[in-house]
Structure formats: C-alpha cells, structure tokens
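One structure below.
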Protein chains: 2
Amino acid sequence: MLTLPSWRASFPGLAGISEQVSRLLDRKAHTTKLRQGTVIFGPGSPAENLLLLVSGTVRVQQLSEAGREIVLYRVHSGESCVLTTACLLAFEDYSAEGIAETDVEAVLIPRDDFDELMSLSKEFRAFVFEAYSKRITDLFLVIEEIAFKRMDIRVAQKLLALMGDDKTLHLTHQKFAIELGTAREVVSRQLKEFERRGWLNLSRGTIELTDPNSIRRLAETP
Amino acid sequence: MLTLPSWRASFPGLAGISEQVSRLLDRKAHTTKLRQGTVIFGPGSPAENLLLLVSGTVRVQQLSEAGREIVLYRVHSGESCVLTTACLLAFEDYSAEGIAETDVEAVLIPRDDFDELMSLSKEFRAFVFEAYSKRITDLFLVIEEIAFKRMDIRVAQKLLALMGDDKTLHLTHQKFAIELGTAREVVSRQLKEFERRGWLNLSRGTIELTDPNSIRRLAETP
DNA sequence: GCTGCGTCGGTGAGTTTGTCACAAAGCCGC
DNA sequence: GCGGCTTTGTGACAAACTCACCGACGCAGC
C-alpha cells in the first residue's frame with residue numbers, strides 16, 4: 001500500500017487512480033503557496049500548469065475594455081482550475097484573470113505532465129472532464145443571470161452566497177458590484193432599499209444581514 | 001499509405017494523428033445526417049457522442065425558466081461540439097440545447113471511444129482541448145457583450161455576423177432578439193432606427209443591409 | 001377575388017437599470 | 001482638528017426592458 005501525500009485527501013475524484021499513475025502524480029506535482037492577491041493567470045501571463053487547490057479560494061473574473069469587471073466563478077479547495085488548461089494551449093488573448101482571494105496552497109501539474117496523465121489514466125480524465133463540466137455549467141448560469149434576472153433578485157442571491165456564518169459581508173459596494181458585473185450606484189441603491197425594509201444594516205465596508213429569511217424569499221422568487 | 005474517408009479532410013486538426021489511431025477513428029466513427037431543426041441535445045436528452053460537423057451548422061442556445069432564450073454559439077463545419085462531451089459525464093440538468101440549424105452531416109464518436117482516443121493520441125487531445133478553448137473564449141465573449149456592451153452596437157455586430165454574401169438576413173425580429181438574448185421590441189426599435197438612418201431596409205422576415213459600412217463603423221466603436 | 005386567422009412588426013407608457021456628475025460622510029495620518 | 005483619500009449617497013438623465021395592444025401582412029379555404 002502507498003502512503004499518499006496529504007494533499008491527495010482533498011481530491012476524492014483522484015481516489016480511484018492506479019498505483020502507477022499515483023506515483024507519477026506524486027513525482028510530478030509541486031506544492032506551492034500563493035499569497036492573497038497573487039495574479040495566478042491573466043492577460044500577459046498565461047497559465048503553464050494545472051492548478052489543484054488544497055486550501056483557499058481563487059477568484060476568476062473578466063475584464064472589459066472599458067474597465068468594468070465581472071466575477072465569473074470561484075475555485076474552492078478540493079477543486080481544480082481546469083478552464084485555464086484549455087487556454088494553456090490555444091488563445092492567449094482572453095481577458096479573464098485568476099486571483100488568489102485568500103492565501104492559497106495549491107498543487108501544480110505542468111502542462112506536459114498533465115498531458116501524460118490524461119493519456120495514462122481513465123480516472124484522471126474523468127476527474128478533469130467533471131471539473132470542466134462544473135465550470136461550464138457555472139458559466140451558463142452566469143449568462144442566464146445577467147441576461148434574464150432582475151437586479152434586486154441577483155443582489156439578494158449574491159448577499160446570501162457571500163454571507164459568512166456571522167451573516168456579515170466585508171466588502172465595498174464597488175466590489176459587490178463587480179460580483180454582479182454592474183455599476184456601483186445600482187448596488188448602492190439596491191442595498192439602501194433593503195436597509196429601508198429592515199433586511200440589513202449598512203456601514204462603511206460591511207453589510208450585516210439582519211433578516212436573511214426575507215432576503216432568501218426574494219432570492220428564490222422565480 | 002492510408003486512404004482516409006472523405007470527412008477527414010474537413011478536420012485539419014486531426015491530420016497529425018498516427019496510423020493506428022487513424023484506423024481506430026475510422027472504425028469507430030459513424031457518419032450521420034440530421035435534418036434541419038433536429039434537437040441534438042437538450043434538457044432530457046443528454047448527448048451520448050462527440051459530434052464532428054462535416055457540413056451544416058449547429059446552434060447552441062440557452063433557455064431560461066421564464067421562457068426567454070439566448071444563442072450561446074454556433075458550431076460550423078470542421079468544428080466539434082465538445083462542450084457536450086464534458087456534459088456527457090456529469091450534470092445533465094443544464095438548460096442549453098443544440099439544434100441543427102441547417103441539414104447537417106456529422107460524425108459521431110461514442111463516449112467510450114472518445115475516451116479511448118483521448119488516451120491513445122496526443123494529437124487528438126490537442127484537437128479536443130483546442131476546441132474547448134475556442135468555445136470557452138466564445139462564452140467569455142458572450143458574457144462580456146451582454147454585461148457591458150450597448151445594444152445598438154450589439155445589434156450592428158450581429159447584423160454583420162449573420163449577413164450572407166447578398167447582404168440580406170432572413171429571420172424574424174423575434175429570432176434576431178434571441179441571438180442577443182433580449183426582447184423583440186428592443187430589436188425592432190433598433191432596426192427601425194437603423195432604417196431611418198438609411199442603413200437597411202426592413203420587410204416582413206428579411207433585413208437588407210444597404211449601407212454595411214455605416215453599420216460596421218458603429219459595430220467597431222469601442 | 002374575399003374572408004378569417006395566425007404571425008409579425010410597430011408603438012406608447014411605465015419601470016428598471018445604467019451613466020454621469022458631484023456632494024457628503026467616514027477613515028487615517030499628521 | 002485638518003487635509004487627503006476612499007467610500008457611499010443622490011439627482012438627473014439615458015438606455016433597455018416590460019406590458020398591452022393594434023395594425024399589417026401572408027396564406028388557406030371558400
């Protein structure tokens with residue numbers, strides 16, 4: 001029986017791989033730590049590795065020419081940053097970037113080793129395609145929301161999604177607006193309206209949800 | 001030297017594969033024809049095959065709960081419908097559907113054979129990931145446009161993108177609106193405005209571009 | 001031809017969202 | 001307390017979406 005490096009425990013999708021492949025993986029994978037705020041990939045610095053997140057989160061966002069931004073999705077611990085692998089190979093001119101939102105521990109698999117693993121292991125292929133699938137459905141969801149959903153509902157949903165256990169968010173209205181790909185004023189007004197309804201308290205840099213149930217009710221209106 | 005089936009000429013990305021893999025591909029690949037309007041995959045009918053388009057086009061669009069729609073991208077001849085392969089494996093509850101926009105000739109590669117090809121051929125893997133890359137950048141572009149671009153510019157761009165050599169489009173305003181994920185009235189008004197400016201002529205079911213250069217100038221404003 | 005019917009396009013009114021400009025309030029270092 | 005910076009608030013306006021409805025067109029059946 002093999003002794004697995006500890007990071008492997010975070011990736012149940014890799015549990016079924018053969019002993020041979022497991023050894024290859026251990027030999028090729030580098031563990032790294034990234035500071036909060038590190039730009040992992042982006043315009044001008046294409047990704048050269050498949051990234052497996054052991055701890056922390058990575059935020060992937062899109063930049064527009066006009067300087068506006070939108071958060072596309074987040075990669076959490078136990079997940080991989082697969083979309084970049086596709087973009088490893090071809091078009092480097094995509095305008096998305098990945099940023100370490102917290103301090104991050106990650107495992108890096110270089111491009112060539114990634115390819116070898118894809119060749120050798122059915123389980124690894126399944127792992128990769130499943131990750132792709134999740135990201136792509138996330139993107140479809142983003143498109144559906146910005147194209148069709150009302151802003152008040154989107155704000156309510158995002159409040160709940162970003163809320164910690166203490167029901168409090170620590171971010172500026174500007175950053176919240178980027179989450180939704182909209183303008184700061186729109187978010188400010190909407191939050192003010194929620195405050196008038198007694199659903200939350202606003203102060204500089206924090207949003208405290210006082211009535212999450214009402215917010216949830218709005219978020220779940222079809 | 002092998003004699004390749006004629007469909008292989010459409011896929012330069014597969015030119016470099018080895019003889020062994022080439023034989024496998026020929027043995028496993030089924031050619032089919034699909035009638036215009038056929039739903040290739042969609043809610044309730046997940047894709048079971050990788051699709052390589054030999055001729056015709058496939059339109060992939062998203063349906064919202066409220067009944068609104070948006071065109072995500074098109075697959076043209078010489079391209080493959082790879083995003084569905086990811087979704088082969090996992091989440092079946094995505095609300096996108098693929099429709100044969102014209103009569104279509106396609107080559108089908110069943111899931112298991114797809115997996116075997118991924119295992120055997122570096123070139124096949126490169127082909128698949130390049131296709132992924134293109135689709136994903138397409139999706140990023142869609143997000144950028146619906147989130148940040150003005151409607152008049154998007155209408156102008158779409159007119160040029162859908163224009164045939166005869167500078168004429170044959171579709172209803174409703175269908176044009178679905179291309180952009182917006183409402184029919186918005187498109188109708190915008191087209192009417194373009195007609196007032198003398199850029200095009202409208203009649204029931206057709207749009208005739210009389211001044212494509214002006215339209216292009218608008219489409220290219222940053 | 002004419003009639004009826006379904007589809008397609010046009011339009012006004014009201015709401016929501018985005019843009020712009022600027023003011024007010026909070027925070028920090030001095 | 002005082003400047004300087006960041007964050008939030010707000011009014012006015014423009015753009016986009018929604019809703020309701022009507023008229024115009026095209027076609028099948030008479």
Side-chain angles (χ1 to χ4, degrees), chain A residues 62 64-70 142-159 168-197 199-208 218-219 221-222, chain B residues 62 64-70 142-159 168-197 199-208 218-219 221-222:
Chain A
Q62 168 96 338
S64 88
E65 302 167 27
R68 281 185 52 185
E69 304 173 55
I70 181 170
V142 169
I143 290 176
E144 177 159 349
E145 303 219 314
I146 53 184
F148 304 132
K149 289 270 180 73
R150 286 215 329 261
M151 206 62 218
D152 53 349
I153 294 173
R154 294 179 60 207
V155 169
Q157 287 175 342
K158 195 55 87 173
L159 282 170
T168 303
L169 300 168
H170 295 277
L171 38 53
T172 65
H173 294 185
Q174 178 58 54
K175 284 188 178 146
F176 197 100
I178 291 173
E179 295 287 332
L180 299 170
T182 185
R184 198 255 319 155
E185 297 91 318
V186 173
V187 164
S188 286
R189 270 193 269 265
Q190 201 61 65
L191 290 174
K192 206 69 193 156
E193 170 61 24
F194 288 176
E195 191 181 40
R196 269 190 288 273
R197 294 183 199 171
W199 293 359
L200 44 76
N201 291 324
L202 296 174
S203 59
R204 196 183 174 88
T206 69
I207 304 168
E208 183 199 355
L218 176 60
T221 52
Chain B
Q62 167 98 339
S64 88
E65 300 166 26
R68 281 186 51 187
E69 302 172 55
I70 181 170
V142 169
I143 290 176
E144 178 161 347
E145 303 220 311
I146 53 183
F148 304 131
K149 288 270 179 75
R150 286 215 329 260
M151 206 61 217
D152 54 350
I153 294 173
R154 295 180 59 206
V155 169
Q157 286 174 342
K158 196 54 93 175
L159 283 171
T168 304
L169 300 165
H170 294 276
L171 40 51
T172 65
H173 294 186
Q174 178 59 54
K175 283 187 178 149
F176 197 100
I178 290 173
E179 295 286 332
L180 298 171
T182 185
R184 199 250 323 151
E185 297 91 319
V186 174
V187 164
S188 285
R189 271 191 266 262
Q190 201 62 64
L191 290 173
K192 206 70 193 158
E193 170 61 23
F194 288 176
E195 191 181 40
R196 268 190 290 273
R197 296 182 196 171
W199 294 358
L200 44 74
N201 291 323
L202 296 173
S203 59
R204 198 183 174 86
T206 69
I207 303 168
E208 183 200 356
L218 176 61
T221 54

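Note that the structure is a prediction, hence the values are computed from the model and not measured. Naming: A, B, ... by sequence-line order, numbering from 1 per chain.
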Over how many whole Å does the gap from [X] atom [atom1] to [N] atom [atom2] extend?
X	N	atom1	atom2	result
A:Glu195	D:dT8	CD	P	12 Å
B:Arg189	C:dG14	CZ	P	14 Å
B:Met151	D:dT18	CE	P	11 Å
A:His170	D:dT8	NE2	P	13 Å
B:Glu193	C:dG10	CD	C1'	14 Å
A:Arg154	C:dT16	CZ	P	16 Å
B:Asp152	D:dA14	CG	P	15 Å
A:Arg196	D:dT8	CZ	C1'	13 Å

| request: By nearest nucleotide on DNA chain D, pick out whichever of B:Arg184 and B:Gln190 is the more 5' one. | output: B:Gln190
| When the nearest nucleotide of DNA chain D is assigned to A:Phe148 and to A:Glu185 on a heavy-atom basis, which residue is associated with the more 5' position? | A:Glu185
| Judged by atom type as modelled, is there a donor-acceptor pair below 3.5 Å linking the side chain of B:Glu208 to the main-chain atoms of B:Thr168? | no
| query | Is the side chain of B:Arg68 donor-acceptor paired with the backbone N or O of B:Gly181 at a distance under 3.5 Å, no angle test? | reply | yes
| task | List the atom of A:Ile70, the atom of A:Ile146, and the distance in Å for their closest heavy-atom pair. | result | CD1-CG2, 3.9 Å
| remark: Tightest non-hydrogen contact, residues A:Leu218 and A:Asp152, listed as CD2-O, 3.8 Å
Nearest to the side chain of [X] - [options]?
X	options	answer
A:Arg204	C:dC27, C:dT17, D:dT18	C:dC27
A:Val186	C:dG18, D:dT10, C:dT11	C:dG18
A:Lys192	C:dC8, D:dT10, C:dG18	D:dT10
A:Leu202	C:dT11, D:dG9, D:dA16	D:dG9
A:Ser188	D:dC17, D:dA24, D:dT8	D:dT8

| query | B:Arg68 near the nucleic acid: base, sugar-phosphate alone, or nothing, with a heavy-atom cut-off under 4.0 Å? | reply | sugar-phosphate
| message | Can you tell me if A:Lys149 has over 12 outside heavy atoms packed within less than 6.0 Å of its NZ? | response | yes
| field | B:His173 vs C:dG10: side-chain N/O to OP1/OP2 distance below 4.0 Å | value | yes
| task | Please state whether the phosphate of C:dG26, meaning OP1 or OP2, lies under 4.0 angstrom from any side-chain nitrogen or oxygen of A:Ser203. | result | no
